[in-house]
Amino acid sequence: MRKPCCDNKEEMHKGAWSKQEDKKLIDYITKHGEGCWRNLPKAAGLLRCGKSCRLRWMNYLNPNLKRGNFTEDEDDLIIKLHALLGNRWSLIAGRLPGRTDNEVKNYWNSHLRRKLIKLGIDPKNHRLSHYLHIKRLEFLQENNTRSENDGLIFDAASSCANKDQQITSSLLDLNSLP
DNA sequence: AACCGGTACAACCGCTTGTTA
DNA sequence: CTAACAAGCGGTTGTACCGGT
């Protein structure tokens with residue numbers, strides 16, 4: 001049987017953190033460093049569960065966090081990494097200095113996922129959407145030669161056929177990162 | 001001004017993983 | 001080996017904010 005992540009769960013604060021709580025957590029971690037999250041709340045004088053403290057520090061208060069808007073380069077890297085790793089946000093965030101898994105996950109769900117959908121790419125598998133596949137089949141049936149307008153669809157579909165090769169070369173790229 | 005739907009993001013929850021006794 | 005525990009992870013929820021009507 002598993003113990004709860006903290007004692008007296010019903011007495012713990014929940015929801016948004018106050019300025020005072022933030023200060024207590026920052027002060028404590030500045031003095032004593034991270035670690036032993038289960039005991040930290042009591043030691044720091046916080047009525048929060050350790051899990052909540054850890055999350056607050058990791059995702060918001062840690063001074064090493066970059067915060068602010070994601071750059072185009074970061075967008076590209078996240079998309080590339082997501083194609084390789086799927087929803088393994090901590091691994092993806094690990095490749096983005098100053099970004100957290102929660103931040104990357106939220107950014108993916110609110111921005112990048114939509115961006116890919118707009119481009120006709122299925123964000124789950126990074127392949128052309130069903131709609132574009134249908135369009136391509138229609139195109140192939142109706143035309144033996146490529147028209148200018150359908151060229152884009154044809155190109156996109158063709159690029160998906162090379163997916164495995166792309167993944168392999170991307171992996172090599174990633175392995176060369178620091 | 002009031003309402004409403006959409007968006008962004010902080011925070012929670014339950015589960016898994018890694019470590020230690 | 002295994003049970004117990006802390007830490008970590010990813011999915012989901014709650015809510016503040018914003019623009020449109």
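The figures that follow rest on heavy atoms only: side chains count, while hydrogens, waters and symmetry mates do not. Throughout, a chain's letter reflects where its sequence line sits, starting with A, and its residues are numbered from 1.
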(message) Treating A:R114 as the side-chain partner and A:S110 as the backbone partner, does any N or O pair qualify as donor plus acceptor under 3.5 Å?
(response)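 Checked: pair present.
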
Write down the distance between [atom1] ([X]) and [atom2] ([N]), rounded to a whole number of angstrom.
X	N	atom1	atom2	answer
A:R113	C:dG11	CZ	P	12 Å
A:W108	C:dC9	CH2	C1'	18 Å
A:E103	C:dG10	CD	P	15 Å
A:N59	C:dA7	CG	C1'	14 Å
A:H13	B:dC12	NE2	C1'	16 Å
A:R99	C:dG10	CZ	C1'	20 Å
A:D101	B:dA11	CG	P	14 Å
A:Y107	C:dG11	OH	C1'	21 Å

Picking from [options], which would you name as closest to the side chain of [X]?
X	options	answer
A:S90	C:dG8, B:dC9, C:dC9	C:dC9
A:L55	C:dA7, B:dC12, C:dG8	B:dC12
A:K51	B:dA11, B:dC13, B:dA8	B:dC13
A:Y60	C:dG10, B:dA8, B:dA11	B:dA11
A:W17	B:dA8, C:dG8, B:dA11	B:dA11
A:W37	C:dG8, C:dT12, B:dC12	C:dG8

Taking OP1 and OP2 of [N], is either one under 4.0 Å from a side-chain nitrogen or oxygen of [X]?
X	N	result
A:R54	C:dA6	no
A:R114	B:dT7	yes
A:W89	C:dG11	yes
A:N102	C:dG10	no
A:K14	C:dG14	no
A:R56	B:dA10	no
A:R38	C:dA6	yes

(request) Ignoring hydrogens and angles, answer whether the base of B:dA8 and the side-chain atoms of A:N109 contain a donor-acceptor pair closer than 3.5 Å. (result)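 There is none.
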
(request) Would you please say whether a donor-acceptor pair under 3.5 Å links the side chains of A:Y107 and A:D75? (result)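 Looking only at side-chain atoms, A:D75 and A:Y107 do form a donor-acceptor pair, the distance falling under 3.5 Å.
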
(message) Less than 4.0 angstrom from a charged side-chain N to a carboxylate O is my criterion; do A:E74 and A:R95 meet it?
(response)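 A:R95 and A:E74: not salt-bridged.
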
(request) For B:dC13, give its Watson-Crick or G-U wobble partner with both distances under 3.5 Å, or none. (result)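 B:dC13 is paired with C:dG10.
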
(request) Look up atom CG in A:L112 and atom CG in A:L116, then write down how far apart they are to the nearest 0.5 Å. (result)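 A:L112 CG to A:L116 CG: 6.5 Å, rounded to 0.5 Å.
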
(message) Tell me whether A:W89 shares a hydrophobic cluster with A:F70, the cluster being built from Ile, Leu, Val, Met, Phe, Trp, Tyr side chains joined at under 4.5 Å.
(response)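 Shared cluster, yes.
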
(request) Just say parallel, tilted or perpendicular for the rings of A:H82 and A:W108, cut-offs at 30° and 60°. (result)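 A:H82 vs A:W108 ring planes: parallel.
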
(request) Describe the nucleic acid contact of A:N106 in one word from base, sugar-phosphate, nothing, applying a heavy-atom distance below 4.0 Å. (result)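 Base, at least one base atom sits under 4.0 Å.
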
